[in-house]
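Convention: sequence-line order gives letters A, B, ...; per-chain numbering from 1.
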2 protein chains.
Amino acid sequence: MSDDQQATHGTWRERQKQQTRQIILEAAKELFETLGYGKTTIRAVAKYAGVGVGTVMSHFKDKASLLSAALMGDWEQLLAQVAATTPPEADYRTQLLHAAKIFFEYYARRPSLSRNLLKEALFSLEVQGPELRAMDQAAREIGVRALRAAQERGEIRADVDCEVMHLALFGEYCFVCIIGLGQPKPDPDQMVAMLESVTDLIVRGASPAPPDQR
Amino acid sequence: MSDDQQATHGTWRERQKQQTRQIILEAAKELFETLGYGKTTIRAVAKYAGVGVGTVMSHFKDKASLLSAALMGDWEQLLAQVAATTPPEADYRTQLLHAAKIFFEYYARRPSLSRNLLKEALFSLEVQGPELRAMDQAAREIGVRALRAAQERGEIRADVDCEVMHLALFGEYCFVCIIGLGQPKPDPDQMVAMLESVTDLIVRGASPAPPDQR
DNA sequence: GCCAAATATTGAACGTGTTCAACAAAAGAA
DNA sequence: TTCTTTTGTTGAACACGTTCAATATTTGGC
């Protein structure tokens with residue numbers, strides 16, 4: 001339903017606008033992937049899309065927003081892939097590392113774009129566009145839900161606050177991304193290994209064995 | 001010795017160069033603190049320092065480098081303050097939070113500059129100037145040393161890798177900085193609280209109580 | 001003191017992201 | 001239809017970071 005709704009929604013004018021938006025997005029994606037973020041200019045995107053420079057800017061707040069919008073499709077695909085391939089029976093540690101691996105491999109395939117998207121995401125947390133905000137929210141909900149499920153399964157002590165734990169794990173994930181994407185040639189395996197080691201540190205603290213003597 | 005050495009070292013020309021560098025740095029610091037990072041232009045710094053634009057660029061790779069060089073003094077002062085006020089008897093958790101509080105309070109005092117310095121630091125890890133590289137190295141050494149000391153005191157289990165633990169704590173520290181500085185009005189107390197909660201999660205895993213059943 | 005090599009300094013020029021007043025085209029009212 | 005209002009589109013203009021060929025100054029050898 002949302003397909004038809006989006007395609008034929010509103011007046012002629014609105015549809016036209018959505019179409020130019022789409023054209024711009026496709027041009028942007030093509031150029032970003034070919035040239036990388038830095039070497040892609042707004043002018044080039046505009047020319048490639050066959051519109052004026054101002055049109056691009058009227059559809060997207062700035063270059064970084066254009067990037068995040070252009071990668072939205074990829075992102076949803078990744079989420080779907082994670083949802084489809086995550087073993088439902090596994091413990092949360094395995095699930096986390098599985099999901100992370102999928103993302104890291106994508107990052108390694110598009111280092112320049114990922115780097116800049118990460119930068120945009122991390123440094124606009126409170127001023128960010130709706131796309132990134134939604135992504136952040138989604139990650140939080142999925143993460144916390146998974147942790148609570150694990151908690152009910154007895155993998156996590158009852159006194160552990162799942163929101164805090166998600167924050168901690170998410171923080172480590174971001175940190176690994178920063179370090180990994182800072183490398184000239186990001187190595188997903190190395191990134192997974194790094195995330196694994198710090199996760200294990202946290203896991204032991206979250207595991208049911210009660211640290212009763214201080 | 002290093003004082004005199006630096007002040008009277010080399011030829012007349014080298015001293016002259018160091019002096020213009022110093023003048024530029026002071027101008028930059030003044031303008032950065034008054035206007036914030038975004039509203040301070042290189043041209044303005046050059047004019048304020050009474051030199052040409054090219055001179056500024058010949059002394060500093062780019063605007064971000066100028067910022068980090070301008071804040072170097074503050075940074076060293078902070079490190080000294082941390083060294084002077086950290087209770088040597090306290091456990092490492094208390095020491096970490098104490099140091100973090102000092103830094104967070106500084107960040108809150110200069111949100112714009114801190115934000116941009118953090119960005120520069122995190123996204124140039126492999127291409128960064130000598131200052132930031134040295135800072136990173138110093139943080140690592142101090143952190144790992146403190147952790148090993150705590151390990152010998154029995155606060156940390158022997159099987160925990162202090163390098164990994166430092167990585168984890170440092171990652172959480174950076175994450176708290178990102179989140180905290182993303183806020184319109186960074187609140188150091190809130191940041192400390194956040195770091196405290198995630199640190200506690202890690203601490204329990206690192207504490208001697210052996211989680212012997214998986 | 002004089003000259004050539006070395007180098008610090010300079011600002012005009014360039015490329016790029018972003019803005020904005022003007023324009024064109026559709027929507028809605030008459 | 002015709003007029004007014006609304007709004008998507010446009011590219012010239014602007015501001016800023018950055019570059020670089022030209023200039024000014026110092027150095028070191030004679």
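There is a side-chain donor-acceptor pair under 3.5 Å between Asp62(A) and Ser65(A). No donor-acceptor contact under 3.5 angstrom links the side chains of Asp200(A) and Ser197(A), judged on distance only.
Atom CD of Glu14(A) is separated from atom P of dA25(C) by 19 Å (rounded to the nearest Å). Residue Lys63(B) contributes atom NZ, which lies 8 Å from atom C1' of dG17(D) at whole-angstrom precision. For the pair Ile42(B) CD1 and dG17(D) P, the computed distance is 5 Å after rounding to whole Å. Taking atom NZ of Lys17(B) as the reference point, atom P of dA8(C) lies 4 Å away to the nearest angstrom. Between the CZ atom of Arg43(B) and the P atom of dT9(C) there is a distance of 19 Å, rounded to whole Å. Between Phe60(A) atom CZ and dG8(D) atom C1' the separation is 14 Å, expressed in whole Å. Rounded to whole angstrom, the span from the CG atom of Leu35(B) across to the P atom of dC16(D) amounts to 11 Å. In this entry the distance linking CZ of Arg21(B) with P of dT9(C) reads 12 Å, nearest Å.
Residue Ser58(A) has no polar side-chain atom (N or O) positioned under 4.0 Å from OP1 or OP2 of dT10(D).
Ring planes of Phe170(B) and Phe175(A): perpendicular class, angle over 60° (limits at 30 and 60°). Ring geometry for Phe103(B) against Tyr107(B) counts as tilted: the plane angle lies between 30° and 60°, on a 0 to 90° scale.
Evaluation of atom-type donor-acceptor distances gives a pair under 3.5 Å for the side chain of Arg13(A) against the base of dA25(C).
The Thr55(B) side chain lies nearest to dT9(C) when the options are dT9(C), dT18(C), dT10(D). Closest to the Thr11(B) side chain, of the nucleotides dT27(D), dA27(C), dT18(D), is dT27(D).
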